[in-house]
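Below is one structure, written out as structure tokens, with a few remarks after it.
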Amino acid sequence: MESFVILLSLFALAVFLGVELITKVPPTLHTPLMSGSNAISGITVVGAILAAGSGPDSGALVQALGFIAIVFATINVVGGFWVTNRMLSMFKRRG
Amino acid sequence: MNSMVINLFYLLSALLFVVGIKGLTRPKTATRGNRLAALGMLLAIVVTLLDKQVIRYELVAAGLLLGAVIGGVLAVKVQMTSMPQMVAILNGLGGGASLGVAAASYFSLLAQGSELSGSAMLVANASMMLTVLIGTLTFSGSAVAFGKLQEILPGQPMGFSGIKYINLMLLVVAVATGWMLTTGQLGSGGFVLLVAVALVLGVTLVMPIGGADMPVVIALLNSYSGIAAAAAGFIMGNNVLIVSGALVGASGIILTRIMCVAMNRSLANVLFGKMAEADGNTIDADEVYAGKVTSSTPDEVSMLLEDAGRVVIVPGFGMAMAQAQHAVRELADTLQSRGTVVEFAIHPVAGRMPGHMNVLLAEAEVEYDAMKTMEQSNPNFSKTDVAIVIGANDVTNPMAREDKGSPIYGMPILDVDQARNVVIVKRSLSPGFAGLPNPLFARDNAVMLFGDGKQAIMDLTAALHEAA
């Protein structure tokens, strides 16, 4: 329970930090912000790797679910960061 | 590696995410910010691979490779006009991944039992069910949003007025099922039920929301995908998941709020489709336009532009659909080469997601400094010689300011009618998303330039060149 409270505090602080940071993003960059922050939400890949790689005694179903989660999260991560980079390089070209 | 070292590396990657998002607050540092965040992700993945729990590398490697190839192809191939669909897919996959992680944890516990007990067990279980609920509805909701944006599904609101009660009922069933699973009163059958209910809820939540409200839906789903990731972090007690999920959740919520303010609507209004059921007094388009609409030609408009010292271009999604952004930039370049000041005035909900129009203009190499927000543009319209409206309708409709009975009353608009001359490039007098006639078209200082957006702009540019 104690560790839950610590994690909850971490969550609450991160939300406030997020709000502070993101209100400063100009409207022009809102779409890249969205695809970029989305890529960050692909951090679930960490949990997916632990599930899929957890070895034979966890069962085939767990590994299959973990594998699907890895694929989804990696699409999210690679697609998200890459397309954000593509958009941002367009903003740089002339401006 | 021991878990303390791993957690310290996770902290480092969370910090890189924070620094990365901070970079996005300025166009100059944005690219570097994005790269730093990507570096943080790489670090988190590598460190996780070194975790002693991971022993089956071939499965992990195959998943990473497959995902990377699909993600890379999507990122390279997607057109800028399709960016909202892309983000919808990414949101959905993020939610789906969190669902996968939660389901894997559930079945793993079912098979092996847990080392946890008492309240710690309760927290882990409750987080699991919350992750399943949010992850699943993000997944199916994003699929519907994608379908609407891609025009596989009809864009107009679908459903019936009682759908909100059904949604409420589904939510109650989902929460009750989740709670019974948490306390161990239900087994794997209950788990499947929870997933099924959440899948349906995602669909019935997004179905009734119309195309005009898509920027809100996309932003909201973005937030959900982050919250799902954070909830998955609570299952495993993983700090980097919690911090990153919270950052994304906050980002989505703020953008949702910005979009709602831009349309003068409450979130509840959007979610329950208030606008679709708007009051009965329809406004007769013929009455608004009768004999008061002036049609013009590219030559006439070019004469206006020749003498203009200051021109403001107001783009809408119609410009993007006509692929006219490059033609528009050429017109702007031509005007600038004649010494005219040219700016772009961009309404927050122009396009189909927050900031979408800016990306489309950036693609056409419009300079960052020439793109102005609604707040920056409005005070200057009275000093503007010509405002050119291309494919934007509702966001320039003076009814929002003047007609208390209209459904869009109170929505902040671009005050283009205060410019000396207004040129509206449009195919016909047809209404926009809101289905309302636009009295702007009938104003004395406004002329219509009927035709295809791209062709009309190219004709204008050609006429200007002839004059030079």
Side-chain angles (χ1 to χ4, degrees), chain A residues 1 4 7 10-11 14-15 18-19 21-22 24-25 27-31 33-38 40-41 43-44 46-55 58-59 61-62 65-85 87-88 90-91 93-95, chain B residues 17 21 24-25 27 30-31 34 38 41 44 48 53-56 59-60 63-64 66-68 70-72 74-75 87 90 93-94 96-98 100-101 103-104 107-108 111 119 123 222 225-226 229 232 241-244 246-248 250-251 254 354-356 358-359 362-363 365 367-368 373:
Chain A
M1 206 60 193
F4 172 69
L7 292 176
L10 194 63
F11 177 75
V15 169
V19 170
L21 281 175
I22 286 144
K24 294 198 177 74
V25 176
T28 298
L29 294 177
H30 278 168
T31 294
L33 166 70
M34 237 178 194
S35 56
S37 71
N38 212 322
I40 293 176
S41 82
I43 188 69
T44 333
V46 165
I49 291 173
L50 292 176
S54 55
S58 62
L61 179 62
V62 171
L65 287 166
F67 177 77
I68 295 172
I70 291 186
V71 175
F72 280 12
T74 312
I75 297 175
N76 200 345
V77 166
V78 174
F81 282 124
W82 197 330
V83 85
T84 306
N85 192 59
M87 278 189 271
L88 291 174
M90 294 185 323
F91 279 103
R93 218 158 36 198
R94 268 167 54 132
Chain B
F17 293 153
I21 293 181
L24 278 172
T25 53
T31 312
N34 186 54
M41 186 63 74
T48 309
Q53 288 180 53
V54 178
I55 45 182
R56 286 205 55 184
L59 200 62
V60 172
L64 288 173
L66 183 60
I70 299 175
L74 279 178
V87 170
L90 295 177
L93 292 176
S98 297
V101 169
F107 288 109
S108 167
S119 56
V123 167
N222 190 38
S225 76
L241 257 70
I242 292 175
V243 173
S244 339
L247 289 174
V248 179
S251 138
I254 289 173
H356 189 201
N358 303 77
V359 171
E363 188 196 10
E365 299 183 38
E367 275 172 59
Y368 176 81
T373 63

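Order of the sequence lines fixes the chain letters, A, B, ..., with proteins taken first and strands second; residue numbering starts at 1 for each chain.
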What's the separation between atom [atom1] in [X] and atom [atom2] in [Y], rounded to the nearest 0.5 Å?
X	Y	atom1	atom2	answer
A/Leu29	B/Asn358	CG	CG	8.0 Å
A/Phe91	B/Glu367	CZ	CD	13.0 Å
A/Ile22	B/Leu247	CD1	CG	6.5 Å
B/Leu90	A/Ser41	CG	OG	8.5 Å
A/Leu88	B/Thr31	CG	OG1	4.5 Å
A/Ile49	B/Gln53	CD1	CD	12.0 Å

Exercise for the section: Pick one of side chain, backbone, both or neither for B/Thr373, based on which atoms fall under 4.5 Å of a heavy atom in chain A. Expected result: side chain
Handout entry: Interchain contact, B/Leu64 with chain A, by part (heavy-atom threshold 4.5 Å)
Key = both
Quick one: closest heavy-atom pair of [X] and [Y], and the distance?
X	Y	value
A/Gly79	B/Ala75	O-CB, 3.7 Å
A/Ser37	B/Ser251	OG-OG, 3.4 Å
B/Pro354	A/Thr31	O-OG1, 2.5 Å
B/Ser244	A/Ile40	CB-CG2, 3.5 Å
B/Leu59	A/Ala52	CD2-O, 3.5 Å

Problem - A/Ser35 side chain to B/Val87 backbone, donor-acceptor under 3.5 Å - result: no
Return the option, out of [options], with the maximum number of heavy-atom pairs under 4.5 Å with chain A.
options	value
B/Ala229, B/Ala38, B/Gly100, B/Ala250	B/Ala38
B/Leu93, B/Val101, B/Thr48	B/Leu93
B/Leu241, B/Ile70, B/Ile21, B/Leu66	B/Leu241

Exercise for the section: List the steps and the verdict of side-chain contact (heavy atoms from CB on, under 4.5 Å) for A/Val83 and B/Leu74. Expected result: CA-CA 8 Å; A/Val83 85; B/Leu74 279 178; over 6 Å; no
Counting heavy-atom pairs under 4.5 Å with chain B, which one of [options] comes out on top?
options	value
A/Ala48, A/Gly47, A/Gly59, A/Ala51	A/Gly47
A/Asn38, A/Thr44, A/Val25, A/Asn76	A/Asn38
A/Val46, A/Ile68, A/Leu50, A/Val77	A/Val46
A/Leu10, A/Val78, A/Val15, A/Thr28	A/Thr28
A/Pro27, A/Ser58, A/Gly53	A/Gly53

Practice task
Check each atom of A/Leu7 against the heavy atoms of chain B and say whether the ones under 4.5 Å are side chain, backbone, both or neither.
Solution key: both
Practice task
Go through A/Val19 and B/Ile254 one step at a time and tell me if the side-chain contact (heavy atoms from CB on, under 4.5 Å) criterion holds.
Solution key: CA-CA 7 Å; A/Val19 170; B/Ile254 289 173; 3.8 Å; yes
